[in-house]
Amino acid sequence: MRGVIMHAPGDVRVEDREDPTIVEPTDAIIRLAATCICGSDLWPYRGVDKLDEPTPMGHEYVGIVERVGNGVKTIEPGQFVVGSFFASDNTCEICRAGYQTHCVHRQLGAATGAQSELARIPLADGTLVATPQPPPAELVPSLLAASDVLGTGWFAAVAADVGPGKTVAVVGDGAVGLLGVLAARQLGADRVIAMSRHASRQALAREFGATDIVAERGDDGVAKIKDLTNGLGAHSVIEAVGTQESMMQAIRATRPGGHVGYVGVAHDVQLPGEELFFSGVHLHGGPAPVRQYLPELIDLIWRRQVDPGKVFDLTLPLEDAAEGYKAMDERRAIKTLLTV
Ligand SMILES: [Zn+2]
């Protein structure tokens, strides 16, 4: 098969690779219908995360099941499936509480890399969710978005306790932040403030339901959120970046008693204990348990209630993955879909 390997920062190649095989009886092999490049793939691409060796890339996937191991009971060849970046048994106590990304048996969802023609998915019954039928082509981008960025934005909104009567601020205008806007709207928020300085991202935020745009960031951004909320701060703030500045912006933009849902992968974030103590805000986040939300998100997409696939503003063949990375690194693209 063909698949993406990152050799070093900035060095992404599409290569001939071994086809994945069934290793454990609970595995499935899927043939990808489409895959994509994640904002988190840019951390090693930019040299922020160290790469020890050439690494298969990609953790977002949708596709048709080709084969299953003899321990797989519910997932069958021929089904079109969506899964998450962590595989989970979906039966342990942590999974049943809705925290499948922390499953006691968790492992990488697509350890063989999902930016490829085929992928091995462990714990297939617990990890994969089948669509009612193979989807029409126009739904594939949205189903692919459900695999990570929509599920992550959704969890961020839930963690931030979004609901009717609430004002929500969203820090970060990448795919997750933008879909956090969509999730906040779906979950009934009254007002959704997107923080973005980019015209095209502001436009998409509005399309997804943002009622206000704040272009300022850092302390100026916080002051702007307070201006818009009678000096109190937002009830709910979604943090979808993962830097010191974005995390503090989120905490300081939240009113006492409010909630921060943080899903940007933290990089060198240090929380000042005393400020946190006196802020009176709730903090919850981490790697999103996307699996918890997949049935609901697939249903919303299937009924065409949401169109999260709009975050893909660049579509390239898998062979041109290197250009897809470059476009996202240079912020020319929000998110790149790779056709397989
Ligand atoms: Zn589990």
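Excluded from the calculations below are hydrogen atoms, water molecules and symmetry mates; all remaining heavy atoms, backbone and side chain alike, are included. Order of appearance sets the numbers: ligands from 1, and atoms from 1 within every ligand.
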Within 2.8 Å of the Zn ion (ligand 1), is there any N, O or S atom belonging to [X]?
X: D89; result: yes
X: C92; result: yes
X: H102; result: no

H105 ring center near F86 ring center (under 6.0 Å):
no
Is it true that a side-chain atom of S147 and a backbone atom of G83 form a donor plus acceptor pair closer than 3.5 Å?
yes
Considering all heavy atoms, the nearest D173-R201 contact
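Shortest heavy-atom contact: O-NH1, 3.1 Å.
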I'd like to check H259 versus V162 (side-chain heavy atoms, cut-off strictly below 4.5 Å). Are they in contact?
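The answer is no, as the side chains (C-beta and beyond) never meet within the 4.5 Å cut-off.
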